[in-house]
Amino acid sequence: MSYSVTQNTSFLTAASILQKLVSFVYFTIVARIIGVGNTGSYFFAITFTTIFTVVADFGMGPVLTREVAKFPERAAAYLNTVLASKILFGVFAYLLIIFFSYILNYPDALRNLILLSGVTMFFDNLQGGFFSIFRAQKNLVYESVAIIISQVLTLIIGTVALTLRAPLVWLIVAYAIPSALIACYAGFFVHRVYGLRIYPMLDRQIFRQFMLFAFPFALAGILGRLYSYSDSLIMSKLLTEQDLGWWSVPYKITFAFQFIPMALSASVYPAMSSLTISDPARVGQLFVKAWKYLFIIIFPLSLGLIAVARPVIIKLYGVEYLPSVPVLRILLISLFFSYLSIISGALLNATNRQKIQTGLLAVALALNIILNVILIPKLGIIGAAYAALFSNFILWFVGLIFIRMIVDLRGTRLVQNAVHILGIAIFMAILVYFLTLNISFVFTIPVGIAVYAILLFLTGVVDRALLSAYLQKIYIRKTV
């Protein structure tokens, strides 16, 4: 059973919205209860181990998706080899976590949080192998369900821990237990739905082939994670836990919406991989369509939140988190370039241009580290925000140059759509900002959404035909 790109994007987006909503509420409760300093420790422990997830996967996930999409009859052999490699790489990644947590001389309490968070990393890595099979088959329903179940379990366990005033370590346990359960869930349904016998075992020929394919993905993944989290690593040594706590709030808010490009990327990546062989001309069309969807969502989201950043931080987290406000506004601008770059990366990987994507990430990482080292000692967390903004812009701009060499964007109205949508979003954000000076953001945000939607229709950016086609793709089952 498979679904269209629009259906899969809708499934994963709906699940991710619910998951991020629950996660956002949960983090807000945690941040208010445990205070700025403890929030910094909690946030950093999870951030630190997240970096090593790419070592545990070593690029095998996207390769498994791509190869099974091309050769579905080989799915069982591919899956079991990848699972075996993930177990080996996962153990190695955990040893690296132990090593670096001691080398960097973190306090014992923080190190314990990091080591427990590493368990979550191990099981998340196994989940990725199973869900790669579903993605290759263009079926994201099971992954969507898993996303919701996992977050609900985390909410329940974490809320009980907070209620009982349990040690901070139990907030990490709240992630580890659901992660292990979801790994079992994913394996069970891969076997049941596709009849794949699961017994992790390395097939040397497949392993060598996949390692050759995976290395650019692995290198790009490692660079990508370091690019996303190097600022937190640098801050952990240069700033205080309180600074990390202030940083964690805007980072968590902006990260909460990353499901939008990730869900879209998860859907278009296998489709692009297939079209690369069957109909290369349509790859560019799919890329343009994906960017247009992101324009419609990201522009109002970023600008609208910039307009209400101060009252949102004060209302949700308290006045002790006021230093987070300027950081949030800068990171929201950075979303424009960060999210669009995710789709660009998907296209480069799907068309076997992993080396270009890896090179782009290497340049962006180097620039980000240099800017962080220069700006953090002078400007603190605001310096880290500016470093993220500038490096994301460079990643987007240079990536677009390469994309134009691969696909023909002439006549696609890409720039025209971007300008129209951005203009509408700016008008909406200005309206929301001035309304919020006298009315609670709880009321002004819905007003802004309504105004934005009406203007999209009035200006012709979205019309009945487009909306009807979108809904039809959701409800009528078909493959791309």
Side-chain angles (χ1 to χ4, degrees), residues 27 31 35-48 50-51 100 104-107 110 222-258 298 302-303 305-310 312-314 316-342 360-399:
F27 178 79
V36 178
N38 283 331
T39 298
S41 297
Y42 164 74
F43 166 78
F44 181 72
I46 297 173
T47 297
F48 186 83
T50 299
I51 297 172
F100 281 107
L104 294 173
N105 196 31
Y106 290 125
L110 179 58
I222 292 170
L223 291 173
R225 287 301 169 91
L226 288 174
Y227 175 63
S228 298
Y229 300 113
S230 59
D231 42 22
S232 296
L233 287 174
I234 294 171
M235 282 187 282
S236 74
K237 303 306 295 182
L238 297 181
L239 302 178
T240 65
E241 291 181 347
Q242 188 175 47
D243 289 309
L244 282 170
W246 286 328
W247 172 263
S248 69
V249 167
Y251 186 90
K252 187 70 175 179
I253 292 174
T254 53
F255 183 78
F257 298 102
Q258 198 172 34
I298 292 175
S302 298
L303 294 174
L305 285 176
I306 288 172
V308 298
R310 182 182 176 86
V312 164
I313 292 294
I314 294 175
L316 296 182
Y317 299 96
V319 292
E320 62 179 332
Y321 284 96
L322 267 178
S324 301
V325 173
V327 176
L328 175 59
R329 285 174 171 156
I330 297 170
L331 291 182
L332 285 168
I333 297 174
S334 182
L335 286 187
F336 290 155
F337 312 110
S338 161
Y339 286 11
L340 293 173
S341 296
I342 291 176
L360 291 175
L361 287 172
V363 171
L365 172 61
L367 178 62
N368 185 259
I369 291 175
I370 292 171
L371 290 174
N372 274 312
V373 170
I374 294 173
L375 296 177
I376 288 178
K378 296 179 179 180
L379 302 176
I381 57 177
I382 293 180
Y386 280 122
L389 172 59
F390 188 74
S391 53
N392 277 334
F393 172 80
I394 295 298
L395 180 62
W396 166 80
F397 181 75
V398 179

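Atom set for the values below is all heavy atoms of this structure, side chains included, hydrogens, waters and symmetry mates excluded.
Within the 4.5 Å cutoff, the side chain of Thr50 has heavy atoms near those of the Tyr229 side chain. Side chains of Asp243 and Met235 form no contact here, defined as non-hydrogen atoms less than 4.5 Å apart. Taking 4.5 Å as the limit, some side-chain heavy atom of Ser236 sits within range of a side-chain heavy atom of Leu244. Taking the side chain as every heavy atom from C-beta outward, Ile381 and Tyr251 never approach each other to under 4.5 Å. Taking 4.5 Å as the limit, some side-chain heavy atom of Ile313 sits within range of a side-chain heavy atom of Ile253. Side-chain contact between Ile330 and Tyr386 is present, with at least one heavy-atom pair separated by less than 4.5 Å.
For the pair Tyr106 and Leu110, the tightest heavy-atom approach, listed with the atom from each and the gap, is CD2-CD2, 3.8 Å. Contact detail for Thr254 and Leu328: the closest heavy-atom pair is CG2-CD1, 4.1 Å. The shortest heavy-atom contact between Leu365 and Ser230 is CD1-OG, 4.2 Å. Heavy atoms only, all atoms of each residue included: Ile306 and Arg329 are closest at O-NE, 3.3 Å. The minimum heavy-atom distance between Gln242 and Val36, with the atom names listed, is O-CG1, 3.2 Å. Smallest separation of non-hydrogen atoms from Trp247 and Ala385: CZ3-N, 3.8 Å.
In the model, Tyr42 has no side-chain atom that pairs as donor or acceptor with a side-chain atom of Ser248 under 3.5 Å.
Under the side chain to side chain contact (heavy atoms under 4.5 Å, CB included) criterion, Val312 pairs with Val308, Leu316, Phe441, not counting sequence neighbours. Taking the side chain to side chain donor-acceptor pair (under 3.5 Å) definition, one finds that Asn38 meets it with nothing, sequence neighbours left out. Not counting sequence neighbours, the partners of Tyr321 by the side chain to side chain donor-acceptor pair (under 3.5 Å) test are Thr39. A search for side chain to side chain contact (heavy atoms under 4.5 Å, CB included) contacts involving Phe100 returns Phe48, Phe52, Leu96, not counting sequence neighbours. Take Ser302 and apply the side chain to side chain donor-acceptor pair (under 3.5 Å) test, not counting sequence neighbours, and it matches no residue.
To the nearest 0.5 Å, the span separating CG on Asn372 from CD1 on Ile234 amounts to 4.5 Å. A distance of 11.0 Å separates CG of Leu375 from CD1 of Ile382, quoted to the nearest 0.5 Å. Rounded to the nearest 0.5 angstrom, Leu360 CG and Leu223 CG are separated by 10.5 Å.
Between the side chain of Trp246 and the backbone N or O of Leu322, no donor-acceptor pair lies under 3.5 Å.
Other residues, nucleotides and ligands contribute more than 12 heavy atoms inside 6.0 Å of the NZ atom of Lys237.
Here side-chain hydrogen bond (donor to acceptor under 3.5 Å, both in side chains) pairs that include residues 387-399, with residues two or more places apart or in two chains, are Tyr227-Ser391, Tyr227-Asn392, Ser334-Asn392, Asn368-Ser391.
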Between Ser232 and Phe43, does the side-chain contact (heavy atoms from CB on, under 4.5 Å) criterion hold? Intermediate values first, please. CA-CA 10 Å; Ser232 296; Phe43 166 78; 3.8 Å; yes
